[in-house]
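Encoded as structure tokens, the structure appears first; notes follow it.
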2 protein chains.
Amino acid sequence: MANIKDIAKMAGVSVTTVSRVLNNHPYVSEEKREAVRSAMVECNYQPNLNAVHLSKGETLLIGVVTPFINHPYFGQLLEGIANEAVKNNYKLVLFQTNYEEEREVEALQMLQFKQIDALIICSRICGMDIIEEFVAYGPIVLCEDARGKNVSSIFIDQYQTFSKALMYLHNKGHQRIGYSIFRKSGTNSKLREKAYKEFLREMNEPFNPEYIFYDCLKFEDGVHVVERLLKMSSPPTALVVTSDIVAAGILTFCKEKEIQIPEDLAIMGFDNQPIAKIMHITTLEIPLVEIGRKLFLQAIDNSEPSHEEVFVKLIERETV
Amino acid sequence: MANIKDIAKMAGVSVTTVSRVLNNHPYVSEEKREAVRSAMVECNYQPNLNAVHLSKGETLLIGVVTPFINHPYFGQLLEGIANEAVKNNYKLVLFQTNYEEEREVEALQMLQFKQIDALIICSRICGMDIIEEFVAYGPIVLCEDARGKNVSSIFIDQYQTFSKALMYLHNKGHQRIGYSIFRKSGTNSKLREKAYKEFLREMNEPFNPEYIFYDCLKFEDGVHVVERLLKMSSPPTALVVTSDIVAAGILTFCKEKEIQIPEDLAIMGFDNQPIAKIMHITTLEIPLVEIGRKLFLQAIDNSEPSHEEVFVKLIERETV
DNA sequence: CTGTTAGCGCCTTCAT
DNA sequence: ATGAAGGCGCTAACAG
């Protein structure tokens, strides 16, 4: 492992000069620059990143917080982040939190202690107040509407989006509309609940807590939804399902139970994941890979916190 | 950001002593140890990892090479790796390669240049010769049978496993058996092909290249399989599908086309992913999360390369 | 048991 | 345009 000193010796210059060409600094004669270059290729020289990091106080590491990594939603997000990271020569440090606040704080602390340069939080359980304690230590970017806050964000307008979905179902003639979601709390969940209640009020429909299905994250969670549906005397005729993979699960079990889609039950998915296309699920397209890309770019952008809204598109297929 | 010197000063000791308590070295009086400890908590001291890494020549970073991260197979593997990584205070550096050799070499070079401590290669396209060029630089662990090679590995016996699946189908009365797989080449693919051909020979069945379906990676790839199936004059009556997610896709499309499972077509999945349970897919259980765990442990184990076989279990459900 | 000191490899003033 | 030298924060002989 040749180091900067060796290169300097070989090229007959000082380490400073080597460092200069390494960092594309001006004021190096073309001659010496060339000598250094060839010495570097000869030794197949690679700078020791730890030394660079120590010296510069930066790491080229970006932390990524997700509750799970093995889930299509976060998988797509990660994919977008990872692709952009390689392009920019950054590495990712993964924090799989399972929504444990402790894990999130660990990630935040890595930022505080300069072990990573920035932190992308794809989903969180900790309060905004905790996040804000750490904004001073480095860029934090959230995947939720954080306008007005001191962190960057890429977000979709959950309220609008959810309202749009509900309205679409309403216009298709549905009165009893329910929805499934993963978490009861969480910023996005609350916005959706708000949109839901607001919608009911406008439509003059009663609020039936039974029509909300929580803990829906994976394909198999669709089972429970269908099971509960079967037991209800007056089940909803339409469901907004905040994840295509769950929608796919519901669809599959409905077929097993001979519930006709969309006649007996209309289903509106979320995300437009590949499975939605395959199973002809009507859904709201959320460009997750693209969002991941933007999240990364925001993380390495050292200017002021910025906020960017991403728009969703309703994709009509055969489940509504 | 207090550093080791500050702590030393506060505690009235030398930096060495601080370093000693930091690294749990013996020969520090309980008294001073305590003084150092309290100074550390008072400043909320965190060692600068870059400095530690530079000094020790290690990074506490483990590279993980996967072709894709957004796929249940690699997702589960990653999950296992990630869980064990946090336990051991290591961070993961992700390399999503899309099976581009260049990306794999990049990862290998990061090992060479000490930017990561070890490298886990979950799946590869580059030749073993290339891998072996890098073994001198640090632990490399593969998720395939690498016995006899100079790298560690966790693996399942692909040949045996595939034979077992084929034999199971045969015993269920199937003569025309095909299989679907992602890659044509690749170590595992070749072993499976070998097992397949050997099986046919033993059973005295002809080899029909049409019965092999390549490029099957995702749910939606099941479509193409079914489409081809429909066009065949003498389609296979059973399929070994080397990924449950693909099996699920095939199952779904068969239902759409009114192909009865298992009557018209028997399906044997692979991995026992959650979807297999839900859709009642008969499958071979491969403990991917556990494999991920073991891969990580091997990566940080500095002793000689070791090899561990992991065993699979056939899970009978309703698609055969 | 404890402290002094020389690195680890690179960057960056400061002189020249 | 170039180089000498100090420093980033920590570890690990070595000496005592």
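Lettering of chains follows the sequences in order, A, B, ..., and the numbering in each one begins at 1.
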field: side chain to side chain donor-acceptor pair (under 3.5 Å) contacts in which one or both residues fall within residues 54-70 of chain B, not counting sequence neighbours
entry: E79(A)-N70(B), T59(B)-D117(B)

message: Show every side chain to side chain donor-acceptor pair (under 3.5 Å) that has at least one partner inside residues 142-151 of chain A, sequence neighbours left out.
response: R124(A)-E144(A), E144(A)-T187(A), D145(A)-R147(A)

message: Going by side chain to side chain donor-acceptor pair (under 3.5 Å), name the residues that satisfy it together with R293(B), two or more places apart in sequence or in a different chain.
response: E290(B)

field: Contacts of S14(A) that satisfy side chain to side chain donor-acceptor pair (under 3.5 Å) - sequence neighbours left out
entry: T17(A)

Partner residues of [X] under the salt bridge (charged side-chain N to carboxylate O under 4.0 Å, His left out) criterion, sequence neighbours left out:
X       : answer
R103(B) : E100(B), E106(B)
E101(B) : none
E309(B) : none

Between [N] ([atom2]) and [X] ([atom1]): distance, integer Å:
X      : N       : atom1 : atom2 : value
L22(A) : dT2(D)  : CG    : C1'   : 16 Å
M40(B) : dG9(D)  : CE    : P     : 17 Å
N23(B) : dA13(D) : CG    : C1'   : 15 Å
H25(B) : dT11(D) : NE2   : P     : 8 Å

task: Spell out protein contact along nucleotides 2-9 of chain C as letters: B when the base is contacted, S when just the sugar-phosphate is, - when no protein heavy atom is under 4.0 Å; keep the 5' to 3' order.
output: BBBB-BBB

- prompt: At how many degrees, to 10°, do the end axes of the helix from dC1(C)-dG16(D) to dT16(C)-dA1(D) meet when each uses five pairs?
  reply: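 It comes to 40° between the two terminal axes.
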
message: Within the structure provided, determine whether N48(A) and N3(A) are in side-chain contact (heavy-atom separation under 4.5 Å).
response: no

